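Okay, structure first, notes after.
Quick caveat: nothing in here was measured; it's all calculated off a predicted structure. Both ligands and their constituent atoms are indexed starting at 1 by order of listing.
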Amino acid sequence: MQSHEIRQRFLDFFAKRGHAILPSASLVPENDPSVLFNTAGMQPLVPYLMGQKHPLGNRLASCQKCVRTGDLDDIGDNRHFSFFEMLGNWSLGDYFKEEAIKWSYEFLTDKEHGLGLDPARLAVTIFKGDENAPYDQESKDIWLSLGIPEHRIYALPAGDNWWSPGDNGPCGPCSEMFYDMTGEFVGKEISHNDFLQLIEQEKFIEIWNDVFMEYEKREGKVIGKLAQKNVDTGAGLERLAAVMQGKHTAYNTDLFKDIFEYIKDNSKDAFDVIPARIIADHVRTATLMISDGVIPGNKDQGYVLRRLIRRALVQANKIQSGYSILMGLQSTFVSRYEKIYNNLKQNPVHQYEIFIKEIEKFQNTLHNGLKEFEKGIDPFILATTYGFPIELTEELAKERGINIDRVDFDKKMSEHQKLSQSASAGMFKGGLANTNEKTVQLHTAHHLLLSALQQVLGPEVKQRGSNITEERLRIDFVFDRKMTDEEKSEVEKIVNEKIQAKLPVVRKEMKREDAEQIGAQMEFGAKYPDTVSVYMIGGEDAHAFSKEFCGGPHVQNTSELGTFKIQKEEASSAGIRRIKAVLQ
Ligand code: GLY
């Protein structure tokens, strides 16, 4: 049975039993700042589980988009996914254990309207009891009445059979259903300990959880009963698809089959299953996050998204598939999920652009950073000079059995941050007023402008001063006459060509003599230490289009700049001209 049929059968089954079908809520919780993403079907329903009236009644069901990023490093194995779909049905103070368990069983085993699984391959767990709640005899009796043999019912402690979405909110004991993936254990008694082992070995896998939410937690402690008895159930679609299609992992089901073929076809001999899984998982999650309005950035949801895209790109490089396969995969996931989740249909071009822009930006960073990593460059230099994230350095190092001193890195990093703050306060040339994005962009444009002026007016053009605000840059330079209109537009043209060429901006630490040797521009009259920082744009060392002694900060790539325009060219003092320019 294909995944879309499982999804549809589930929703139809519960609609028939009086449940209103809810569309999936956004991956980003609307009114809950305590979590970055919805991690379970019940998350958007917390206020209603706590007692608020739901406008659609007290029986609800949905297929909810979920993201869990707690164990990104485990992705690539059989069971972990950063995105998954959770099927769930809820009773808000309406039915309780009897119907919940009965319907779970019926849906799992009914051939005509459910999944038609073999009851002899099921095993279930119930709550063992502790100071918060008693042994769940009621659930056990219900399972027995449905024909599950006593030796297939296991009582487990709160660690396994008490469910809550976090430290605060509704919670309760649960009863979980497991399926024998091997078929070897039909009719056989399995001891408690053996059962736990078989779960570890993935021979039995959990397919559904019925939570009896009649308790409340605060600050991690169960504080008592809620005003109403609720049911909250959750079944992962990925797991069900694996079971229904007799696969050991959802990566081999219809959810991913063609995705894998596509990756394989594009990676030739370098294909490897773990990187392919990571790529498939991460691109799927990124696609759905973007459709819910997440944009790559440096904090919160945006940071998670950025990490996923970047990790996918690293893996694509590993299997030599080229980064364009990521775009192909994004489109495939869009066409697959747009039938189920409407947001994917809204503004698809914009969504694609957000994805592709982040990839291109990071591809440039990676290209330069990886080369340096292979040379054994210090992680701190990799991070500050090449924008190469420490997490990536750590990952690459781990693969090669190299140890990274994270404490040392963090120490250098915080010193560096202090330094660049003083740099931005005007200690270094450029007199940057602050490091907000606009001034950083103008700072990089300033470097491009100086080189363009030298190209058009001659190498004798030297900088004599500069100043950057959020609105514009200003450069003073040695030149003895007014520039013609043609010269000005030629300069603009060169700068804009360099922006469009998407050139990486690279910082290098080098000996002062070496920097002078390659012709790096320095500030007139300034004194420099023995080791200097040089920024290069478009090529390396002597061949770079722009090379200047400079403390930064700069953008990582000229593609971040926008369109360059000269606003004014005028005399500043005898033999010194002044240009004011902007980025639009
Ligand atoms: N809300 C039940 C579960 O996630 O298992």
Side-chain angles (χ1 to χ4, degrees), residues 6-7 10-11 14 19 21-22 24-25 27 29 32 34-50 54 58-71 79-97 99-101 103-105 107-108 122-127 133 136 139 154 156-179 199 204-217 222 226 228-243 250:
I6 299 172
R7 201 188 281 113
F10 180 88
L11 298 175
F14 284 98
H19 293 67
I21 306 303
L22 305 174
S24 173
L27 276 172
D32 184 356
S34 70
V35 281
L36 291 179
F37 298 101
N38 279 317
T39 58
M42 54 77 70
Q43 214 125 31
L45 299 173
V46 168
Y48 309 104
L49 292 161
M50 297 297 287
H54 195 284
N58 51 21
R59 291 184 183 194
L60 309 167
S62 75
C63 175
Q64 171 67 41
K65 297 176 274 191
C66 298
V67 161
R68 292 186 189 174
T69 53
D71 29 39
R79 285 180 304 136
H80 288 85
F81 295 90
S82 57
F83 169 87
F84 61 95
E85 294 172 87
M86 193 183 279
L87 303 169
N89 60 286
W90 291 274
S91 157
L92 306 172
D94 186 34
Y95 62 83
F96 204 44
K97 295 183 183 175
E99 290 88 338
I101 292 178
W103 288 335
S104 296
Y105 179 78
F107 180 71
L108 289 178
L122 288 177
V124 303
T125 61
I126 55 161
F127 181 53
D136 193 357
S139 293
Y154 301 90
L156 298 178
D160 301 292
N161 278 49
W162 188 281
W163 202 89
S164 65
D167 281 346
N168 292 291
C171 61
C174 61
S175 180
E176 296 187 326
M177 287 141 265
F178 290 79
Y179 195 68
I199 295 174
F204 271 83
I205 72 160
E206 187 210 322
I207 48 177
W208 202 340
N209 185 13
D210 286 357
V211 188
F212 308 114
M213 286 194 152
E214 55 171 329
Y215 295 89
E216 182 179 0
K217 236 185 197 181
V222 179
L226 294 167
Q228 67 190 34
K229 292 179 173 186
N230 307 295
V231 171
D232 157 41
T233 85
L237 180 69
E238 282 68 14
R239 298 264 182 98
L240 290 180
V243 166

Check each N or O atom of ligand 1 against all protein N or O atoms and list the pairs under 3.5 Å, with atom names and distances to 0.1 Å, one per line.
unit_1   : atom_1 : unit_2 : atom_2 : d
ligand 1 : 1 (N)  : D232   : OD1    : 3.4
ligand 1 : 1 (N)  : D232   : OD2    : 2.8
ligand 1 : 5 (O)  : N209   : ND2    : 3.0

Item to check | Pair S175-D210, side chain to side chain donor-acceptor pair (under 3.5 Å): steps then yes or no | outcome: CA-CA 5 Å; S175 180; D210 286 357; 6.0 Å; no
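- Smallest separation of non-hydrogen atoms from S24 and C63: CB-O, 3.3 Å.
- Aromatic ring centres of Y95 and H19 lie closer together than 6.0 Å.
- Aromatic ring centres of W90 and Y48 lie farther apart than the 6.0 Å criterion allows.
- Here the shortest heavy-atom pairing between G41 and M86 reads N-SD, 3.4 Å.
- The shortest distance between side-chain heavy atoms of F178 and Y154 does not fall below 4.5 Å.
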